[in-house]
There are 2 protein chains.
Amino acid sequence: MTPSARPSSKKDIRRENEKLILEAAEKVFAEAGFGGATMQLIADMAGLPKANLHYYFPTKESLYRRVVQNIFHDWLMAADVFDAAPGPVEGLGAYIDAKMEISRRHPAGSKVWASEVMHRAPVIQDYLETTLVEWTEGRMAVVRRWIDEGKMDPIDPRHLLYMLWATTQHYADFGHQIETLNGGQPLSDTQWEAAKHSVKTVILKGIGARPSG
Amino acid sequence: MTPSARPSSKKDIRRENEKLILEAAEKVFAEAGFGGATMQLIADMAGLPKANLHYYFPTKESLYRRVVQNIFHDWLMAADVFDAAPGPVEGLGAYIDAKMEISRRHPAGSKVWASEVMHRAPVIQDYLETTLVEWTEGRMAVVRRWIDEGKMDPIDPRHLLYMLWATTQHYADFGHQIETLNGGQPLSDTQWEAAKHSVKTVILKGIGARPSG
DNA sequence: GTCTATAACCTGATAGAC
DNA sequence: GTCTATCAGGTTATAGAC
C-alpha cells in the first residue's frame with residue numbers, strides 16, 4: 001500500500017486533479033463570468049464529479065481566487081524583458097511582443113482578469129494595491145530614466161503603460177469581435193505578426209523612441 | 001379620467017419607468033455581469049417593485065438586450081466626427097476626444113459592451129456581423145484615403161482602429177484599476193486632459209499624421 | 001399600471017456510503 | 001479520494017387582487 005516509484009501517489013493525484021480543475025475553471029469563468037459559471041459546468045469540462053471540486057476547492061470563490069492569482073502571476077512574469085533592456089526600442093518592443101503572445105496563447109486568462117477588474121476587483125483588490133502598484137512604479141521609473149537619457153519623448157509614463165496594456169490585451173479580451181471583423185476567422189499567423197508589427201510601429205514611433213547604439 | 005394636458009399620461013409613465021429601469025439595469029449589469037445581476041437588484045435601484053420590471057420587460061434577457069442596443073447606438077454616434085474631417089489630425093483627434101469623453105461619462109455602458117463581447121456576444125452577434133462590419137469598412141476606407149493622399153504613414157487601418165478602441169475604452173473598462181493606481185482617487189479634470197493628450201500625442205505621431213493645410 | 005404572494009427551477013454546498 | 005443523493009437558499013417569472 002505504500003506508493004510505488006512510478007504510479008500516482010496521493011500527491012500526484014492531487015496535483016493532477018487540481019491542474020485539470022484549474023484549466024477548466026479558467027475557461028468557464030472566462031466564457032461565463034463568475035456569476036454565470038457553475039460548478040457543474042466546470043466539473044463536466046474537467047471530467048470530474050461536481051463533489052470532487054468541493055473536495056479540492058471548498059468554495060466556488062476559493063477556486064476563482066486561485067484562477068485569478070495564477071493569471072496575475074503570469075502577467076508579472078511577462079515584464080522581466082522590461083528591465084534589462086538598454087532602451088525603449090528593445091524594452092518596449094520585447095514587452096509588446098511578450099504581451100501579444102500571452103493574448104494569443106492564453107486569452108481566457110486575460111478575460112478573467114478583465115472581468116475581475118471591471119467588477120471592481122472584489123477578489124484581488126489587495127494585489128492591485130500592493131504588487132501592481134509597486135510593479136507599476138518600478139516600470140515608470142525605467143521609462144523616466146529613458147526620457148532623461150534622451151532615448152524617447154517626454155510621454156507621461158503612466159499613460160504609456162495604460163496604452164501598452166490596452167492595446168495588447170485588446171487582442172485577447174475583444175478577440176471575438178476581432179474574429180467577427182475578420183470574416184469569422186481567427187487571426188492567422190501572418191495576421192498576428194501584422195498586429196504585433198502595427199502596435200510596435202505606432203507606439204515606438206509615437207513616443208519618439210531612438211534606437212540606442 | 002381622461003389624461004389632462006400636463007400630468008403624466010400612460011405613455012409618459014411608460015417612458016419614464018422604462019428610462020428608470022434602463023439606467024438602473026446598465027449600472028447593475030456593468031457591476032455584476034449578466035449572471036451576477038438580479039432583477040431584484042435592478043428593481044431596488046430603479047425604486048420599483050420587481051414585478052413591474054417584468055411588466056415592462058418580459059424577461060431578464062430582453063432587458064439586457066435593450067441595454068446593449070442602446071450602448072451600441074451611442075458608440076456609433078461618436079463616429080460622426082470621423083468622416084467630415086480633412087485629415088487624420090482633425091478626424092482621429094476628434095474621434096479620440098469623443099471616445100475618451102464617453103469612457104468618462106458612461107463607463108458602465110462601455111463595461112456592459114466589453115462583457116458582452118468577451119462572452120462571445122450571445123445577444124448582439126447579429127449587430128457585430130452587420131452594422132459593425134459595415135461601419136468598420138467605411139472608416140477603413142477613410143483611413144486608406146488619407147494614406148493615399150500622403151496625410152499619414154501606411155499603417156494597417158484595421159489595427160489602427162483596434163488601437164483607438166483599445167486605448168480609449170481602457171479608461172472606462174479598467175477604470176477601477178486606474179483609480180487604484182491613482183492612489184484610490186478618480187482621475188481629476190487635469191488628469192483626464194493629460195490622458196487625452198497622451199493618447200492623441202502618441203497615436204498621431206505614431207502614424208505620422210501630417211497636419212493638412 | 002401596481003404590487004404581494006407564490007410557483008417552478010437551479011445552484012452551491014454537504015452528508016455519508018464506498 | 002470518489003461519488004450519489006439531497007438540503008438549503010436564492011432566482012426568474014407569473015398569478016391574481018387592487
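It should be emphasised that the depicted structure is a prediction, and the values quoted were computed from it without experimental measurement. All values below come from the heavy atoms of this structure, side chains included, with hydrogens, waters and symmetry mates left out. Throughout, protein chains are lettered first and strands after them, A, B, ... in sequence-line order, and every chain is numbered starting at 1.
- Using modelled atom types and a 3.5 Å distance limit, the side chains of B:Tyr127 and B:His73 yield no donor-acceptor pair.
- Spacing between atom OH of B:Tyr55 and atom P of C:dT4 amounts to 17 Å, rounded to whole angstrom units.
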So what is the 5' to 3' dot-bracket string for DNA chain C, if pairs are Watson-Crick or G-U wobble with both distances under 3.5 Å, crossing pairs use [ ] and | means the partner sits on another strand?
||||||||||||||||||

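- The aromatic rings of B:Trp146 and B:Phe82 lie parallel to each other, their planes meeting at an angle below 30°, with 60° marking the opposite boundary.
- Within the cation-pi definition used here (under 6.0 Å to the ring centroid, within 45° of the axis), B:Lys60 qualifies as a partner of B:Phe34.
- Atom CD1 of B:Ile42 is separated from atom C1' of D:dT11 by 12 Å (rounded to the nearest Å).
- Atom CG of A:Leu48 is separated from atom C1' of D:dC3 by 11 Å (rounded to the nearest Å).
- Side-chain N/O atoms of A:His170 and B:Gln169 include no donor and acceptor closer than 3.5 Å.
- No more than 12 heavy atoms of other residues, nucleotides or ligands sit less than 6.0 Å from atom NE2 of A:His106.
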Please write out each protein N/O paired with an N/O of nucleotides 12-15 of chain C under 3.5 Å, distance rounded to 0.1 Å.
from	atom 1	to	atom 2	distance (Å)
C:dG12	OP1	A:Ala37	O	3.3
C:dG12	OP1	A:Lys60	NZ	3.1
C:dG12	OP2	A:Met39	N	3.0
C:dG12	N7	A:Lys50	NZ	3.4
C:dA13	OP2	A:Lys60	N	2.7
C:dA13	N7	A:Lys50	NZ	3.0
C:dA13	N6	A:Lys50	NZ	2.6

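- No hydrogens or angles considered: nothing links the side chains of B:Tyr162 and A:Gln177 as a donor-acceptor pair under 3.5 Å.
- Residues meeting the side-chain hydrogen bond (donor to acceptor under 3.5 Å, both in side chains) test with A:Asn70, sequence neighbours left out: none.
- The separation between A:Ile21 atom CD1 and D:dG1 atom C1' is 12 Å, rounded to whole Å.
- A salt bridge between B:Glu101 and B:Arg105 is present, with a side-chain N of the basic residue lying under 4.0 Å from a carboxylate O of the acidic one.
- When heavy atoms are screened at a 4.0 angstrom cut-off, A:Tyr56 is found touching the sugar-phosphate backbone but no base atom.
- Atom pair A:Glu16:CD and D:dG1:C1' shows a separation of 14 Å (rounding to whole Å applied).
- As a whole-Å value, the separation of B:Asn52 CG from D:dC18 P is 17 Å.
- Taking atom CD1 of A:Ile13 as the reference point, atom P of D:dT2 lies 6 Å away to the nearest angstrom.
- Counting to the nearest Å, the C1' atom of D:dT2 and the CZ atom of A:Phe57 are 17 Å from each other.
- With a 4.5 Å cut-off on side-chain heavy atoms, B:Arg14 and B:Tyr55 count as touching.
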